[in-house]
2 protein chains.
Amino acid sequence: MTPPTGTLTAERILEATEEVLRRHGPAKATVVDVARALGVSHGSVYRHFRTKAALREAVTKRWLDRTSQRLAGIVSMAGSPEERLRAWLAALFDAKRHKAGDDPELFATYTVLTDENVAAVAEHIEELTGQLTRIIEAGAEAGTFAVPDPAPVARAVFQATGRFHDPCYARDWTSPGIDEEFTAVVDLLVRGLSSPSQ
Amino acid sequence: MTPPTGTLTAERILEATEEVLRRHGPAKATVVDVARALGVSHGSVYRHFRTKAALREAVTKRWLDRTSQRLAGIVSMAGSPEERLRAWLAALFDAKRHKAGDDPELFATYTVLTDENVAAVAEHIEELTGQLTRIIEAGAEAGTFAVPDPAPVARAVFQATGRFHDPCYARDWTSPGIDEEFTAVVDLLVRGLSSPSQ
DNA sequence: GGAATGACAGATATTGAAATCTGTCATCCG
DNA sequence: CGGATGACAGATTTCAATATCTGTCATTCC
């Protein structure tokens with residue numbers, strides 16, 4: 001399928017694996033398929049990834065990192081902490097909603113992968129709450145947020161908005177009232193964060 | 001198994017069905033099993049429930065209603081609206097956590113059932129957010145909560161606490177920090193609800 | 001010598017035939 | 001006559017044989 005351009009690298013294997021997962025789905029995507037797509041023997045794939053699980057974990061991490069990187073930009077954007085917080089949460093919701101809506105089959109595939117790789121997801125959540133913490137810290141320093149310890153509050157905000165980013169709610173993301181629900185939750189959280197004097 | 005005491009009633013069928021589900025699990029619990037447990041032919045069960053799905057839906061509703069009824073008491077309890085709100089959310093979390101922790105297999109069974117009966121779950125959530133709305137209304141009337149329209153805010157509170165009552169998070173309910181997380185989210189929400197003057 | 005191969009053993013998935021279940025209904029029983 | 005029965009057709013599940021896959025490693029190739 002893909003011509004054997006250049007040497008076999010982890011990067012090329014990951015790309016081929018994504019393609020195989022896209023084509024065959026998570027249940028039928030095999031290491032043999034990946035090797036076939038690359039025009040090599042499956043033994044060669046095992047030189048770069050110790051097990052099939054490790055290969056799938058690497059693919060999962062790549063996929064999650066793409067979201068993290070997109071959101072990282074918002075953390076250091078212009079605007080007040082409240083604006084950035086709202087923008088960040090909206091961007092997270094938007095990213096997830098589009099992933100789920102634009103290609104439901106691929107999203108289902110990655111949902112299977114994330115269920116298999118709880119540790120990778122935990123890391124991803126760690127990264128995201130870290131970003132949130134930096135926004136909330138900025139608000140605390142500016143005095144607009146009355147928050148003594150930003151990290152646990154960031155986690156609370158992340159958890160409280162789970163309905164708008166956790167894949168287990170993906171089926172609700174096309175409901176008509178979902179945007180109003182999102183706004184209602186975010187408004188409530190921002191009010192809870194905000195310093196009374198502000 | 002159960003002797004044919006009295007006449008065959010929907011109630012007795014539901015009890016037998018719960019027992020069969022408890023024993024065999026959701027995948028292997030059949031209408032024939034239920035009939036056998038009652039000492040009747042499976043045709044008789046179909047006199048009371050049109051389909052197997054209808055029977056399972058009825059069982060699901062009973063199970064969900066038990067939780068609703070337990071929480072209903074808290075709505076009209078003594079105490080300030082904030083106290084009642086906190087107590088209600090804590091009781092919901094506690095009820096779910098115990099259901100999941102005390103008998104994980106039975107909880108898994110009912111998780112399958114609720115996944116099958118999205119409509120029954122929607123009704124249940126409607127009932128629960130209704131209870132929440134009444135607590136928040138009381139707070140709005142008392143002036144402790146600054147909430148123009150309690151119903152959507154009640155839904156926001158319910159959704160924001162999903163991590164502490166939605167079965168899809170059941171695996172996290174035994175984590176060590178979970179109580180602190182619960183408190184952090186509830187504190188944030190209560191602050192968001194509270195009137196600044198209060 | 002370092003990377004790639006493919007044969008291999010054990011684990012996992014697929015398949016199709018047989019068994020069981022769901023839902024109906026003509027019949028039976030009190 | 002109203003409720004219970006059990007035989008039945010079609011749908012679903014189970015089970016065991018068969019095929020495929022995973023992961024290893026001695027061998028090959030550049």
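Everything quoted here is computed from the prediction, not taken from an experiment. Here is how names work: the chains are called A, B, and so on, in the same order as the sequence lines, proteins then strands, and each is numbered from 1.
- Salt-bridge check for B:Glu83 with B:Arg86: failed, with every basic side-chain N at 4.0 Å or more from each acidic carboxylate O.
- Following rounding to the nearest Å, A:Phe49 (CZ) and C:dA3 (P) show an atom-to-atom distance of 15 Å.
- B:Tyr169 and A:Cys168 make their closest contact through OH-SG, 4.3 Å (heavy atoms, listed as atom of the first residue, atom of the second, distance).
- Taking atom CZ of B:Arg47 as the reference point, atom C1' of C:dA26 lies 13 Å away to the nearest angstrom.
- Between B:Phe164 and B:Phe182, the two ring planes are perpendicular [angle over 60°; tilted spans 30° to 60°].
- Residues satisfying the side chain to side chain contact (heavy atoms under 4.5 Å, CB included) criterion with B:Ile125, sequence neighbours excluded, are B:Val121, B:Thr129, B:Phe158.
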Quiz item: For nucleotides 8-23 of chain D, read 5' to 3', which letter fits each nucleotide if B means a protein heavy atom sits under 4.0 Å from the base, S means only the sugar-phosphate is that close, and - means neither?
Solution: -------------SBB
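- Distances shown here put every side-chain N or O of A:Ser41 at or beyond 4.0 Å from the OP1 or OP2 atom of C:dA4.
- Rounded to an integer number of Å, the gap from B:Leu38 CG to D:dG3 C1' is 15 Å.
- With rounding to whole Å, A:Ile13 atom CD1 is found 12 Å from C:dA4 atom C1'.
- Remark: A:Lys99 qualifies as a cation-pi partner of A:Trp63 under the 6.0 Å distance and 45° angle criteria applied to the six-membered ring.
- A:Glu18 has a carboxylate O that lies under 4.0 Å from a charged side-chain N of A:Arg66, or vice versa, which qualifies the two as a salt bridge.
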